[in-house]
Each structure stands twice: as structure tokens, then as C-alpha cells.
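See below for the structure under consideration.
Everything numeric in this text was worked out from a predicted model, so none of it was measured. Quick note on labels: first sequence line is chain A, next is B, and so on, each numbered from 1.
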There are 2 protein chains.
Amino acid sequence: MSYTTSTLPAPATKEDALRENVIVAAQRLFQHYGLAKVTLEDIAKAIGKGKSTLYYYYKSKEEIFTAVMDREIGEVMVEMAKAVEAATTAEEKLCVFSLTKLRALRKKLALYGIVCKEVNSQAEFTCAMRQSYMKRESVLLRGILRFGIETGELGRLSPTDVDALVFVMLSGLHGMELEMMGNNNFDMLEPAVGILTRSLIHGLKS
Amino acid sequence: MSYTTSTLPAPATKEDALRENVIVAAQRLFQHYGLAKVTLEDIAKAIGKGKSTLYYYYKSKEEIFTAVMDREIGEVMVEMAKAVEAATTAEEKLCVFSLTKLRALRKKLALYGIVCKEVNSQAEFTCAMRQSYMKRESVLLRGILRFGIETGELGRLSPTDVDALVFVMLSGLHGMELEMMGNNNFDMLEPAVGILTRSLIHGLKS
DNA sequence: TTTCGACTAAAAATAAATTTCGGTCGAAAA
DNA sequence: TTTTCGACCGAAATTTATTTTTAGTCGAAA
């Protein structure tokens with residue numbers, strides 16, 4: 001049985017195809033059985049090969065794990081980038097950046113059976129890729145701010161202020177995510193993102 | 001050896017005094033040895049009594065633990081309330097609310113020897129009292145917003161918006177705290193609180 | 001070049017034995 | 001009557017021992 005994804009370009013070589021097979025199979029197994037439960041034997045069997053074969057294409061289990069996490073994060077980033085692209089103002093872009101991120105992550109966690117009370121114990125998922133993930137989000141968010149400044153919608157910000165603002169937004173959204181996951185209550189998601197965006201853009205001043 | 005705190009009013013009765021002794025001793029032992037390591041035997045010996053005596057004044061170890069956490073949180077809240085009281089504008093109040101909270105919590109965690117990488121594993125400290133803690137902070141923060149609206153510094157906000165804004169700020173500050181703790185890097189603390197407050201009050205619009 | 005069975009060593013899991021500690025009780029002292 | 005505590009129990013935690021699992025390697029074969 002061969003795993004392929006219909007949304008990605010066809011792999012260039014037979015080797016690329018097999019590498020892709022490994023990752024896709026691993027992704028599905030991780031989603032189905034959880035991150036800690038899946039063995040290399042499982043993955044190998046899923047693509048019809050022996051366990052040693054995996055070591056021809058990947059250095060270690062960790063390398064496969066990292067590639068899967070990159071894939072998951074990439075999927076969320078694509079979704080976020082698309083939503084940001086479709087918005088026309090900086091305010092709207094910031095809004096959909098936050099909404100799409102929180103919704104997509106929620107779906108990802110649900111896919112992995114990571115339900116609400118277990119978020120903190122799933123350190124692998126949140127910490128393993130967080131640095132890389134925040135870097136990608138930071139790029140997207142900086143793009144939104146730059147766009148707003150260039151169109152005149154936003155005032156000028158010093159590089160230090162941009163750094164600080166990006167830090168505030170990304171870590172702040174993470175805190176919101178943890179709080180909603182922890183209480184298993186997402187009712188506040190849209191009002192929260194709404195007031196966050198509105199007050200950041202327009203301010204609370206009368 | 002009798003533990004007393006010089007900043008609190010003297011206990012009304014001998015029983016109150018002993019109850020206070022228990023809490024102060026427990027607090028110091030928790031700080032010194034960590035939350036999981038301290039036994040009731042330790043606490044009893046620290047105040048020169050037998051272990052069973054503790055059960056005359058407290059229902060369970062958990063009740064003592066809760067009282068200690070209330071004490072710790074109360075100390076942070078007092079510090080925050082004082083700083084907010086001393087500020088004159090809503091913007092300033094929001095600023096010192098955030099700065100004081102993040103600094104005070106950092107000191108508390110340091111006191112417990114909870115260094116940066118261990119924050120997530122110290123679920124007891126963060127989760128055991130979080131609900132109560134956020135409730136108290138919510139009261140203080142709502143007071144700041146009400147003050148700003150009453151002085152005309154801030155525009156009117158619907159109750160739903162106030163709820164959402166409070167949620168955003170508290171969970172957002174928690175996310176910032178986790179990020180700084182996780183990276184063991186507090187350089188961003190003041191710039192982050194600065195831009196957060198400024199953009200919330202004045203907005204980013206040009 | 002690609003594949004894999006056999007193998008190793010470390011890690012993880014399981015089981016058994018031992019120790020620790022929260023909590024209770026009844027009696028004694030204040 | 002209030003306060004105190006040693007003795008005790010049972011559950012939980014820890015430690016030790018044993019077994020099983022799994023990541024990774026190697027050499028040979030296709």
C-alpha cells in the first residue's frame with residue numbers, strides 16, 4: 001500500500017517518493033496512535049518495508065519525527081498565510097492571523113487525540129517545534145505589520161517596538177490557547193480575538 | 001521556635017496564632033525544599049508540635065497547602081494593588097499591573113527554586129491556584145478599566161468586550177510569562193509591557 | 001544501490017519488595 | 001473541655017529486580 005498526498009507536487013525521484021511515503025505514513029500513525037506509541041517497526045510495516053530500510057533514508061527516528069512535525073506546522077502555516085492573503089486591511093489580517101492560528105491548532109491537537117486536559121503533558125508536540133514554529137509565525141506577522149505601515153493604515157514602529165509587539169502577540173496568543181484548552185471552553189475565541197485586534201489597531205482611548 | 005510575620009496584625013487568639021505558625025512554617029519549608037518534598041512531620045517539627053496536632057487545626061495537608069498558596073498569591077496581589085493605586089492614569093495602571101505581576105511572579109518562582117525549564121512540571125503551583133488567582137486579578141483589572149472609562153480616558157466598552165479584554169490580557173500575560181521563563185530571557189519584559197500598553201491604549205493606527 | 005534478518009545494548013515496562021507518609025484513634029496532659 | 005501526641009493502619013510512593021521492547025548497527029544478499 002502506497003501513501004501519497006494529492007495536494008503536493010509529485011516527488012522528483014523514486015527515492016523522494018519513498019521518503020515522502022515514510023513521512024506520510026508516520027504522520028497518520030502518530031495521529032492515530034499518539035506520538036509515544038508508534039515504533040519504527042510500525043512505520044516500516046505501513047509502507048511495506050523492513051525497519052532497517054528506514055535507516056537508508058533517515059538518520060534516526062528523531063529525524064522522522066521532526067519531519068512530521070515540520071509537515072504539521074507547515075500545514076497550519078499555509079492555512080494562516082492563505083487567510084492573511086485574502087484579507088485586505090492590516091486589522092483584518094491581524095484578526096484572521098489570530099483566528100486561523102487558534103482554530104487550526106485546535107484541529108491539529110484534536111487530530112492527535114490531544115484533548116484539553118493533556119496539553120501540558122504533550123510537551124513533545126508543543127515544545128519540539130515551538131522555536132521553529134514561532135519563527136515562521138514571526139515572519140508572517142512582521143509581514144502584516146510592514147504591510148499596514150506601508151499602506152499608511154498603521155503608524156511607524158521602531159524595530160525594537162516591532163520585535164516587542166511580535167513577542168507580545170505570539171506569546172499572548174499562546175497563553176490564550178492554553179487557557180481555552182485548559183478550560184475546554186472556546187466560547188471566548190472570537191470575542192477575544194475581536195477585542196484584541198480592535199483595541200490593538202484603534203486603541204481603547206475615547 | 002515560633003514563626004511570626006511582622007507585617008500582619010497579631011492573631012486574635014492563641015489558636016489563631018498557632019494556625020498562623022503552621023502556615024508560615026509550611027510556606028518557608030515549601031520554599032526551601034520544594035512543594036513535593038515537605039511532609040506533615042516536617043511542618044509539625046518546625047513548630048515544635050506532633051504531627052497529629054496539625055489535624056486539630058487543619059482538615060488535611062491539602063488545606064494547609066491551599067492556605068499557603070493563598071498566602072503567596074495574596075502577597076503578589078497586594079504588591080500589584082499598591083502599584084496600581086500609585087498610578088494616576090489607566091494607561092499607567094495597566095502598565096504597572098502587567099509589570100508588577102510578571103516581576104512578582106518571577107520572584108515567587110525563584111523563591112521556590114522553580115527555575116525556568118521546570119515551570120510546566122510545577123503544575124501544582126500554577127494550576128492549583130490559578131482559578132482563584134485569575135479571579136483576583138480579574139477584579140483588579142476590571143477596576144482599572146472602570147476607572148479609565150469613568151475618567152473619560154478610555155471609551156465605553158460593552159460588558160462582553162470587558163470580559164473578552166480581561167480574558168485576553170490575563171491569558172496573554174500568562175503566555176508571555178511562560179515564554180520568558182521557558183527561554184530564561186527577561187530582556188523583553190519592559191519593551192513588551194510597554195508596547196502592549198501603548199498599543200492597547202493608543203492603538204497602532206497612524 | 002537498496003533491502004533486510006540477526007543481533008546488541010539501552011530504554012522501557014512490569015513485578016515484587018520495601019519504605020514512606022497522610023490520616024485516624026484513643027488516651028493523657030493541660 | 002481543649003490540646004497534644006505515640007501507636008497504628010492502609011495506601012501511595014520508592015526502590016530493586018526481572019523481563020520485554022525498541023532504536024540502531026552490521027554484514028550479506030538481491
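Protein atom OH of B/Tyr56 is 15 Å distant from nucleotide atom C1' of C/dA28, rounded to whole Å. The distance between atom OH of B/Tyr58 and atom P of D/dT4, rounded to the nearest whole Å, is 13 Å. The CZ atom of B/Arg19 sits 11 Å away from the P atom of D/dT3 (whole-angstrom rounding). B/Lys49 has its NZ atom 7 Å from the C1' atom of D/dT4, to the nearest Å. B/Phe65 places its CZ atom 17 Å from the C1' atom of C/dC21, with the value rounded to the nearest Å. The NZ atom of B/Lys45 sits 13 Å away from the P atom of C/dG22 (whole-angstrom rounding). Distance CG (A/Leu54) to P (C/dC4): 9 Å, rounded to an integer number of Å.
For residues 41-65 of chain B, the side chain to side chain donor-acceptor pair (under 3.5 Å) pairs, not counting sequence neighbours, are B/Thr39-B/Asp42. Pairs engaging residues 178-201 of chain B under the salt bridge (charged side-chain N to carboxylate O under 4.0 Å, His left out) rule: A/Arg130-B/Glu179, A/Asp161-B/Arg198, B/Arg103-B/Glu190 [sequence neighbours left out].
In this model, the phosphate group of D/dT3 is not approached by any side-chain N or O of B/Thr53 to a distance below 4.0 Å at OP1 or OP2.
Pairing for D/dA30 is with C/dT1, a Watson-Crick or G-U wobble pair whose two hydrogen-bonding atom distances lie under 3.5 Å.
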In the 5'-to-3' direction, what one-character label does each nucleotide of nucleotides 19-25 of chain D receive under the scheme B = base within less than 4.0 Å of a protein heavy atom, S = sugar-phosphate only, - = no such atom? ---SBBB
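A distance-only check finds a donor-acceptor pair linking the side chain of A/Glu153 to the backbone of A/Ala90 [under 3.5 Å].
Contacts of B/Glu92 classified as side-chain contact (heavy atoms from CB on, under 4.5 Å), with partners at least two apart in sequence or in another chain: B/Ala87, B/Thr88, B/Thr89. B/Lys101 pairs by the side chain to side chain donor-acceptor pair (under 3.5 Å) definition with B/Glu137, not counting sequence neighbours. For A/Ser138, the side chain to side chain donor-acceptor pair (under 3.5 Å) partners are A/Arg142, not counting sequence neighbours.
Among the protein residues, A/Tyr57 comes within range of the sugar-phosphate backbone only, with heavy atoms under 4.0 Å from sugar or phosphate atoms but none that close to a base.
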